[in-house]
Protein chains: 2
Amino acid sequence: MASRAKATILDIAREAGVSKSTVSLVLQGSGLIRPETAVKVRKAIEDVGYVYNRGAANLRKAHSNVIGMVINDLTNPFFAELAVGMERVFQAAGVVPFIANTAENPVRQEEVLKSMMEQGVAGLIVSPARGTTPGAFRRIEAAGVPVVFAMRRLPESRIPAIAPDNHRGACLATEHLIRKGHRRLAFFGGSSDLVVYQERLGGFLEACEAFAIPFANRTIVEGETSRKGGMACLETALAISEPPTAALCFNDAVAFGVMLALRKRGLEAGTDFAVVGFDDVAEAEHYSPALTSVAVDTAGLGERAAHVMLKMIQSRTTRAEDHIGAVSLVVRESSGPDRNSQVGDAA
Amino acid sequence: MASRAKATILDIAREAGVSKSTVSLVLQGSGLIRPETAVKVRKAIEDVGYVYNRGAANLRKAHSNVIGMVINDLTNPFFAELAVGMERVFQAAGVVPFIANTAENPVRQEEVLKSMMEQGVAGLIVSPARGTTPGAFRRIEAAGVPVVFAMRRLPESRIPAIAPDNHRGACLATEHLIRKGHRRLAFFGGSSDLVVYQERLGGFLEACEAFAIPFANRTIVEGETSRKGGMACLETALAISEPPTAALCFNDAVAFGVMLALRKRGLEAGTDFAVVGFDDVAEAEHYSPALTSVAVDTAGLGERAAHVMLKMIQSRTTRAEDHIGAVSLVVRESSGPDRNSQVGDAA
DNA sequence: TCCTATAACTGGAACGTTCCAATAAATCAA
DNA sequence: TTGATTTATTGGAACGTTCCAGTTATAGGA
């Protein structure tokens, strides 16, 4: 059944009594070969336990059918959802996405990107790790391999990015909190070396300006973009005099951390302190209290990124338009009115 | 800077004024070449923007440095944690893991496995999709590529599996519920075509036997292994007369669903109904109430699987021992005593 | 019948590496 | 000086495909 050394098209050719060229044609489904011959060849393929060697084929053919997805944090369900959206599109196009995790580590990211390039990927979809240097993609661009950024972008880069409208999302969320009567607001989590952070914080600040929230009433606490980071942010913010009564969080993970820290202090999100997240991951709806969050249509962005990638490959270009996805605020229980204010809407 | 056609070692050789063989030796860090020559070559590599072509190299070398991880549900954070454990080990060994998601779909799995084989992976770590046919790995075994199953195994297969002690974990959890005074117990979620299901259910039943829980007091509801599935299970179970007062869930996702459904009915997990999960994902600790769960040391199992894989590759064998990981029950708030029983331990 | 067109198949030259055997240069022992 | 040994470098064949330019065989038209 299984031969010791792996079978090649030459073995198949011998077995079927045809030439290697014929076998090659059968493998790529050419209409040039007689049906009976094709059947004979396919039988031989089965018999010798043949495995197609894509590496050898790629030596001659221009490009491969694999595209790489490089993601900065696979344990964040948000990115898993993104990946799932992309997979749907790629599968339909007969392209296989290989995923690699960089764990938010630029060095690891460098290795992973190198490895994918060596493997001969047709394109790369990347959510860059924090602290990625501007030059990290120069070599890849030079090699003419299309790259698109998903969710995150780099400060000064010509690489197309697919991302939600972070500024507007943060605006919406902040306005919502102000309308609920909150006048001392916080922005929790993330760090300023991320473009996304600047966009979201920018939206927060714009809404503060628009509603004339004085500078002294805005608390900005940077922190890890994880539950742990969120917990730390809340502690820091509540320690100041005149602490905030509501917070917009950099993402849902931070928001969950904030809610957890509130509970530890005997406070309840929604009634004692308003919390709004960002990304609207699946859990947001199921938390208790359910988390108000900015929905970014994660899977949709994944699909969009995949489509852009396919188009770039097809038109063999390394350029494409950015794409800013629409956002919407999903109001749930975690963002109740300020208890000391009479301005708030009815909850 | 960037040449149109991609550079090869021949271009480097020309640039550096040496032979292609010398370049090849430099690339693999051979000690045979004079340091100054190596420097000269490395400079040329930089100048021409060279990308190593692993496909071409694999044509001559025995095997590659990539191993494939094929996972049935990336959106379950449990698998993401598993992946992270493996990555730690592989990174240290200079091996790059490429991850692919099968979304619990055997057809998709077939495609993904095929693609990875064609790519020439050195080995495969697989958490097989539900309904995988026993023959699905025959071709891969025949090709001599080592495979290890992680977390799940196939009914009649010689492929080594790395998995937690499901039977014991379920026993522990069930005993815990019984000691809390519960006498009408349920097992929620999963389906019997999964070996894991049989193991966990087996543990549940053994504990029931040991404590003489009558057959009529055991409720077994199969269902999707997701939040949604868990919600459905609870509804089904509460509809019967003499419903259960406690449930062991197939995994944490199901348990979260059960807790959500309880809340919808105005009941609270822990006080009105006891819930125990399985896997102890990171969220379990942060839920409200915090979820009692069977901890399986996910990342540890991932590391173990990676080590077994590396050893198999190194000793070029396709056989290895199974590995059953130790489990422990982490008691939190969701598994309180039966309110109608006076037998329960103090909570 | 011969000529041309089409259909079905084939041999050989790439593709970019590795690795072996061979060579050239430098060093050493006598 | 000579030969042996070591060090550094090199050419060529091979790996498993694809694809171009043939080569047969078959059929159709005159």
Side-chain angles (χ1 to χ4, degrees), chain A residues 3-42 44-45 48-66 114-115 117-122 143, chain B residues 3-42 44-45 48-66 114-115 117-122 143:
Chain A
S3 50
R4 272 313 79 206
K6 41 205 63 182
T8 77
I9 50 168
L10 281 163
D11 298 310
I12 299 169
R14 200 176 309 117
E15 182 82 8
V18 297
S19 78
K20 62 180 173 37
S21 304
T22 304
V23 177
S24 177
L25 289 171
V26 171
L27 281 172
Q28 43 214 292
S30 161
L32 278 180
I33 23 77
R34 206 152 37 106
E36 305 113 76
T37 312
V39 168
K40 201 169 55 180
V41 170
R42 267 189 272 271
I45 288 175
V48 301
Y50 171 73
V51 176
Y52 184 71
N53 184 332
R54 210 165 277 275
N58 284 344
L59 226 40
R60 297 253 26 198
K61 290 205 297 195
H63 43 225
S64 69
N65 75 144
V66 354
K114 179 153 171 270
S115 195
M117 287 298 289
E118 293 180 357
Q119 219 58 233
V121 294
Chain B
S3 51
R4 271 313 77 208
K6 40 205 64 181
T8 77
I9 50 169
L10 281 163
D11 298 311
I12 300 170
R14 198 176 312 117
E15 181 83 8
V18 296
S19 79
K20 63 179 172 35
S21 304
T22 302
V23 177
S24 177
L25 288 171
V26 171
L27 281 172
Q28 45 216 288
S30 161
L32 277 180
I33 24 74
R34 204 152 38 103
E36 305 114 76
T37 311
V39 167
K40 200 170 53 179
V41 170
R42 266 189 274 271
I45 288 175
V48 301
Y50 171 73
V51 176
Y52 184 72
N53 184 333
R54 210 166 277 276
N58 285 344
L59 227 40
R60 297 253 24 195
K61 292 205 296 195
H63 43 225
S64 69
N65 77 142
V66 355
K114 178 153 170 272
S115 194
M117 288 297 290
E118 294 181 357
Q119 220 57 233
V121 295

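In what follows, chains are A, B, ... by sequence order, proteins preceding strands, each numbered from 1. Only a predicted model underlies this, so the values are computations on that prediction, with no experimental measurement involved. Note that these values count all heavy atoms, side chains included, but never hydrogens, waters or copies made by symmetry.
- The 5' end of DNA chain C is approached more closely, in terms of each residue's nearest nucleotide, by A:T37 than by the other of B:A57 and A:T37.
- Side-chain atoms of A:R34 lie closest to C:dC9 of the nucleotides C:dC19, C:dC9, C:dT17.
- Phosphate proximity of C:dT18 to B:S24: present, with a side-chain N or O under 4.0 Å from OP1 or OP2.
- With A:V41 as the fixed residue, the side chain to side chain contact (heavy atoms under 4.5 Å, CB included) test singles out one of A:V18, A:L25, A:I33: A:V18.
- Atom NZ of A:K20 is separated from atom P of D:dT18 by 10 Å (rounded to the nearest Å).
- Remark: C1' of C:dT18 and CG of B:N53 are 13 Å apart, rounded to the nearest angstrom.
- In this structure, CG of A:D11 is placed 10 Å from C1' of D:dG16, rounded to the nearest angstrom.
- Going from atom CG of B:N58 over to atom P of C:dG16 covers 16 Å, rounded to whole Å.
- Put simply, CG on A:L59 is 4 Å from C1' on C:dC15, counting in whole angstrom units.
- A:I9 comes within 4.0 angstrom of a base, heavy atoms only.
- If you check C:dT10, D:dT18, D:dT9 against the side chain of B:T22, the one that comes closest is D:dT9.
- Atom CG of A:D11 sits about 11.5 Å away from atom CD1 of A:I45, to the nearest 0.5 Å.
- Within the 3.5 Å criterion, the main-chain N or O of A:G55 finds no donor-acceptor partner in the side chain of A:N58.
- A donor and an acceptor atom never sit less than 3.5 Å apart when one is taken from the side chain of A:K6 and the other from the base of D:dG16.
- Nucleotide C:dT17 holds its C1' atom 15 Å from the CG atom of B:N65, rounded to whole Å.
- Using a 4.0 Å heavy-atom cutoff across all strands shown, A:T8 reaches sugar-phosphate atoms only and no base atom.
- A sub-4.0 Å separation between OP1 or OP2 of C:dC19 and a side-chain N or O of B:Q28 is present.
- B:Q119 and B:S115 are not linked by any side-chain donor-acceptor pair at a separation below 3.5 angstrom, with hydrogens and angles left out of the test.
- Side chain B:S19 to base D:dG11: no donor-acceptor pair is found below 3.5 Å.
- Atoms CG (A:L10) and P (D:dG16) sit 8 Å apart, rounded to a whole Å.
- Atom P of nucleotide C:dA26 and atom CG of B:L32 are separated by 17 Å, given to the nearest angstrom.
- Between B:K114 and B:E118, at least one side-chain N (NZ, or NE/NH1/NH2) sits under 4.0 Å from a carboxylate O, which counts as a salt bridge.
- Under 3.5 Å, the side chain of B:R60 and the base of D:dA14 form at least one donor-acceptor pair of N or O atoms.
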